[in-house]
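Quick note on labels: first sequence line is chain A, next is B, and so on, each numbered from 1.
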Amino acid sequence: MMPRLFQFWRRSRDMIRRDVDAELQFHIDTRTDALVREGASPEDARKRALMDFGDIEDARRYIRRVDNDIEHQRRRRDYVSELRQDLAYGLRTLRRAPTFTLTAILTIALGVGANTAIFSVVHGIVFKPLPFPQPQQLLRVWSANPGSGSRQAPVSPVDLDDWRDQRTQFADIGGWWFADGGSGVDLTGSGDPQRLSVAFVTPGFFPTLGVRPMIGRLPREDEMVRGGDDRVVVLSHGFWQRRFGSDSGLVSSTVTLNGQPYRVVGVMQPGMRFPSDRVEVWIPYSTIPDQSIPRIRPVRVLDVVARMKEGVTLAQASQDMSAITRRLAATYPEDTNWSEATVMPLADAVTGNVRRGLIALLGAVGFVLLMACVNVASLLLARSSIREREVALRLALGATPGRVVRQMITESLLLSLIGGAVGVAAAAFGSRALLVMAAGQLPRTSEVELDATVLLFALIVSIVTGVLFGLAPALRARGTDLQTALREAGRGLVSGSGQRLRTGLVVVEVALAVVLIVGAGLMTRSFIQLLRVDLGFRPEKLLAVNFTINTSRREGQAYRLFYREVIDRVRTVPGLVSVGAVKHVPFRGNGERMGFVPEGLTLGAGEQPPSAPLIHVSDGYFATIGARMTEGREYNEQDGALRAPTPGAVPVFSGTPSVIINLAFAERHFPGVSAVGKTLGLGSNRIPIIGVVGNIRQTTIEEPVQPTVYINNLMNSRVQVTLVARTQGEPLAMAVAVRDAIWSVDREQTITSIFTFDQLVSDAVARPRLLTVLLGLFGTLGMLLGAVGLYGVLSYLVSSRQREIGVRIALGAPRGAVLAMVVRRGLLMAVIGTTIGLLAAFSLTRYLRDVLFGVEPTDPMTYGIVVVSMLAVAGLASAVPARRAATVDPAIAFRSD
Amino acid sequence: MNRESIDLLQGTLDVLILKTLAWQPMHGYAVTRWVRERTQGSIEIEDAPLYKALHRLERAGCVSAEWGLSENNRRARYYRLTATGRRRLKAEESEWRRYAAAVLRVLEPA
C-alpha cells in the first residue's frame with residue numbers, strides 16, 4: 001500500500017498537542033539524565049531541570065499556538081498548490097481535446113451570454129431600485145371614478161392642490177404633465193428655433209422625488225405657483241450638454257421659451273430622467289395659461305407621484321388618499337363621481353406592463369442555460385467514460401476519491417469560467433441589440449448596463465453552471481470501481497450506469513426544448529394574429545410631420561388661419577397624393593375624453609353622460625390615411641370655412657358645426673339605425689353627425705377600438721398638429737419638401753418630429769416583436785441543443801457498440817433492422833422527453849397569458865406543431881448515427897483492439 | 001542562572017540558533033549544549049525562550065522540523081536550516097558584524 005500522500009502531513013490539534021508535549025518532555029528527560037550523571041539525585045535533577053527551563057506551561061501554550069499557525073499555513077499552501085496542479089492538469093487535458101473544449105466553451109458561452117444579456121435588461125428595467133432616495137416610499141396616484149370603471153385617470157391640478165393640503169400620511173405629493181411629442185415649448189433666440197420636450201411640474205414634484213440639481217438650484221415653492229415669479233426652467237443634463245455644450249455659466253442666465261424670457265435656475269443630475277428619457281427641461285406647471293389647459297376640476301391632466309412618510313404602509317397611504325378624495329367628492333359637484341384614488345408603488349407603475357414579458361424571457365433564457373449545462377454534462381460524461389482508466393490510475397496511485405472529484409470540478413469550473421467570460425463579452429453586444437430592437441418601447445432603458453450586479457450574476461451563473469455540469473461526471477468518477485474500470489476501460493466498453501445517466505439527461509433536454517418551443521410557438525402565433533389586425537388605415541407611404549402652433553405669435557384666432565394655410569400650401573407640393581391633419585395619430589395619443597349625449601338618450605338626475613375620446617381632424621384626413629367611411633362623408637373645405645367678420649379682422653370659423661363618429665360609437669349608441677343626421681349633445685350644444693368612419697386602432701393594436709368622436713379642428717381648434725401626407729414614392733424622401741412648405745408659411749415654426757406611419761406600426765408592435773424574436777431564438781436554440789444532445793448520445797452508443805452491431809450483421813441481421821433499432825432508441829427518448837415537456841409547458845405557459853394576443857396559452861395547434869417538429873428533429877438527429885450503425889463492417893467483430 | 005553569562009540582546013537568540021543549526025540539524029537540547037560549549041559557558045540560552053524561538057523560526061520558514069532518534073535512542077524533534085533560514089542567517093550575520101565593529105570603534109581608544 002502506497003502512503004496516502006495528501007493526508008500524511010495533515011496534523012490535527014491533538015497531534016500537535018502530543019508532539020509539543022513529547023518535545024518538551026524529551027528536553028526535561030535528557031537534562032535530568034545529564035544532571036543525574038553529574039551526581040544529583042533523580043528527584044533533585046528533575047526539579048532543577050524543570051526550574052532551569054523557565055515557565056514551561058507558558059512555553060507549551062505559546063508553541064502550540066505557533067504550531068497551529070504553521071499547520072494552517074501549510075494547509076493553505078497545499079490547497080493553493082493543489083489548485084495550481086489541478087488547473088495546470090485541467091488546462092493540459094482541455095488542450096489535448098480541442099474539439100470537445102471548443103464545443104463545451106461555446107455552449108456555455110451561449111448559455112451564460114444569453115442569460116447575462118437578458119438579465120442586464122431585466123435588472124436595469126425591473127429589479128434595479130428607481131434612482132431616487134428611499135424609492136420604496138414613492139407611489140403613483142390616480143383619480144378613480146368607480147361608476148365608469150375608470151381606475152387610473154390623471155388628476156386635476158386643482159384637486160392635486162387640495163390633496164397636497166389635506167395629506168396626513170404623505171411627506172409630499174407632486175404632479176407632472178408630459179406627453180411625448182405633445183408637451184413642449186419653442187426655444188428661440190440662440191441658434192435654430194427648437195421644439196423642446198417639456199415636463200410641466202407642480203411645486204411638490206422635485207421634493208417628492210428627492211432629486212438634487214447637479215448645478216444651480218431647484219425652483220422655490222413661490223416660483224412654481226400662479227402669480228409667482230414662475231418663468232424658471234431646469235435643464236436635463238443631456239439637453240444641457242447637447243445644446244449648451246455643458247456651459248456652467250448658463251445657470252441664472254435667461255433663455256427665450258415661447259417668446260418669453262425664462263431664468264435657468266439649475267441643471268439636473270445625469271441620472272434624473274423622470275418622467276421620461278425624452279424630457280429636456282422641467283418648467284412649472286403654473287406657466288400653462290388657462291386658454292391652453294383650463295385650471296378647473298374636470299380637466300384631469302396630471303400624473304401624480306407621492307412620497308409616503310417614514311414607516312407608513314401602502315394600506316395607510318391608500319386610506320389617506322381615499323379619505324381626501326371622498327371629502328372632495330362630497331364638497332365639489334365636479335368631483336362627485338371621482339370619489340376614489342388608486343395608489344401603486346412607483347416601481348410597479350413604471351415597469352408594470354413590461355414586467356411579465358421580461359420575466360418570461362428570463363425564465364426562457366434560464367431554460368437555455370439548463371440545456372447548455374445538460375449538453376456539456378453529457379459531453380463530459382462521454383469523456384469520463386474514456387477517462388475512467390485515467391481516474392482508476394490516479395486512484396491506484398494513492399489519490400483520494402475526494403481529491404479526484406475536486407480535480408474534475410476544477411476542470412469544469414475552468415471550462416465554465418472561460419465560457420462565461422466569452423459569454424459576457426457577447427452579452428455586452430447582445431443587450432445593446434435588445435434595446436435597439438425594443439425601439440424605445442421599454443421604460444428605463446438608460447439604466448441598462450453591464451454593472452457590478454450583472455457581472456456578479458454572470459460569475460455566479462458560470463460557477464453554478466460549472467458545478468452543475470461537472471457534478472454528474474465527478475460523482476461518477478468517485479464511484480469508479482478500480483478493478484472493473486481498469487479492466488473495462490482497456491477494452492473500450494461502456495459501463496451501463498454512464499449510459500443510463502446520459503439517456504436521462506437527453507430526456508430532460510428534450511423536455512426543456514419542448515417547453516421553449518411551445519413558448520416560442522405561442523408567441524409567434526400571437527404576433528401573427530397581431531399583424532393580421534385590421535388597423536382601419538393603410539400605413540404604407542404615409543408621412544407624418546408633428547408640430548405645435550405658437551399661439552403667442554398669433555393673437556386671437558389667427559392660428560386657425562395658419563393651420564389652414566399650412567395644409568393648403570403642403571397640398572401644392574408635387575409628389576403627394578393627399579394631405580390631411582390630426583391632433584393624435586394612431587398609437588401616439590388617445591384624444592381628449594369628453595361626455596356626449598347621443599340623440600334619444602335622456603340622463604337621469606346627477607347621471608354622467610357617456611364619455612368618449614374626441615379627436616381633432618382636418619378635412620381629407622380619413623381619405624389620406626386610407627380609412628373607409630361606412631356612412632355619410634368626411635369633412636371638406638367648406639365645413640371649416642373661415643371668414644373675417646369685418647374686413648381686415650382675423651377670420652373666424654363660419655362653417656356649420658358637425659361631428660363624425662366611428663363605427664364602434666354608431667353601433668353602441670345608434671344600433672340598427674342610421675347615425676347620419678342624428679345629433680350629439682356636447683355641453684349645451686346639439687351637433688349633427690355627418691358621417692361614420694370605420695374603426696381606427698388608436699390606443700394600441702391589441703385593444704379593441706373604443707367609441708370615438710372626431711371633430712373638425714377649425715371648429716374646435718387645437719394647436720398640436722400632425723400633418724399626414726400620402727406620398728407617391730418613399731415617404732421619408734418627401735420630408736424636406738413638406739417641411740419647406742411649412743416654413744414657406746412661417747420660417748419660425750418649430751418641427752417636433754417627422755416619422756412614417758410604418759414606423760408608428762412598427763413601434764406599436766415592437767414589444768411583442770422583441771418577445772417573439774427572442775423566444776423564437778431561444779426555441780430554435782433549444783431545439784438545436786436538444787438535437788445535438790440526442791445525436792451525441794446515439795453516436796456514442798453506436799461507436800461504443802460497434803463490435804456488437806458487427807456481430808449482429810455478421811449473424812445476418814438486416815441492415816434495415818439495425819437502422820430501425822437505433823432510430824427507435826432515439827425516438828423513445830424523444831417521446832418521453834416530449835411528453836414531460838408538454839406537461840411542463842402546459843403548466844408554465846399560463847404565465848405568458850398577459851403577453852399573448854388572440855391565442856390561448858393552451859392553443860392545441862401550437863402544441864401539435866411542436867410535437868411534430870420535435871419528433872421530426874429527433875428522428876433526423878437519430879438517423880445519422882443510425883446510418884453509421886447500419887454500415888458497420890461485420891469484419892470488425894473479428895478484429896481485436 | 002549563571003551570573004557571568006551575557007544577557008542576550010533582543011533578536012540575538014534567533015541568529016545564534018540559526019548559526020548553530022547551520023552546522024548540522026539538531027534538537028533543542030543539543031542547541032543549548034552546543035552554544036554553551038562553543039562560548040565556553042559565557043552565553044547560556046534559557047530553555048523556554050529557545051523552544052519558543054525554534055517554533056517561531058519554523059513558522060517563518062527559516063527552519064524545518066522532523067522527528068528523529070536522539071543519541072540516547074529517544075524520539076526527538078530535529079530542526080534543520082532551510083534555504084530561507086540560510087539567507088536570513090547571512091543577512092543577520094553581516095548586520096551583526098557591522099554593529100559589533102561600530103561598537104568596538106567607540107570603545108577602543110583612538
Task: Heavy-atom contact with chain B under 4.5 Å, split by part of A:Arg60 - done: neither
Open item on the list: Please classify the contact between A:Asp67 and chain B as side chain, backbone, both or neither, with a heavy-atom cut-off of under 4.5 Å.
Closed with: side chain
Task: Ring geometry between B:Tyr29 and A:His27 (parallel below 30°, tilted from 30 to 60°, perpendicular above 60°) - done: perpendicular
Task: Which atom of A:Phe26 lies closest to which atom of B:His27, heavy atoms considered - done: CE2-ND1, 3.5 Å
TODO: Quick one: closest heavy-atom pair of A:Gln73 and B:Arg59, and the distance?
DONE: OE1-O, 3.4 Å
Measure the spacing between [atom1] of [X] and [atom2] of [Y] and express it to the nearest 0.5 Å.
{"X": "B:Arg33", "Y": "A:Thr30", "atom1": "CZ", "atom2": "OG1", "value": "8.5 Å"}
{"X": "A:Asp58", "Y": "B:Lys52", "atom1": "CG", "atom2": "NZ", "value": "3.5 Å"}
{"X": "B:His55", "Y": "A:Arg64", "atom1": "NE2", "atom2": "CZ", "value": "11.5 Å"}
{"X": "A:Ile28", "Y": "B:Asp47", "atom1": "CD1", "atom2": "CG", "value": "7.0 Å"}

TODO: Determine the option with the most heavy-atom pairs under 4.5 angstrom with chain A, choosing from B:Glu58, B:Glu71, B:Arg74.
DONE: B:Arg74
TODO: Taking side-chain contact (heavy atoms from CB on, under 4.5 Å) as the test, write out the residues that go with B:Ala53, two or more places apart.
DONE: B:Leu13, B:Asp14, B:Ile17, B:Arg56
- [ ] Could you tell me which of A:Val20, A:Leu24, A:Asp29 has the largest number of non-hydrogen atom pairs under 4.5 Å with chain B?
- [x] A:Asp29
- [ ] Answer with yes or no after comparing the ring centroid distance for B:Tyr51 and A:Phe53 against a 6.0 Å cut-off, counting only values under it.
- [x] yes
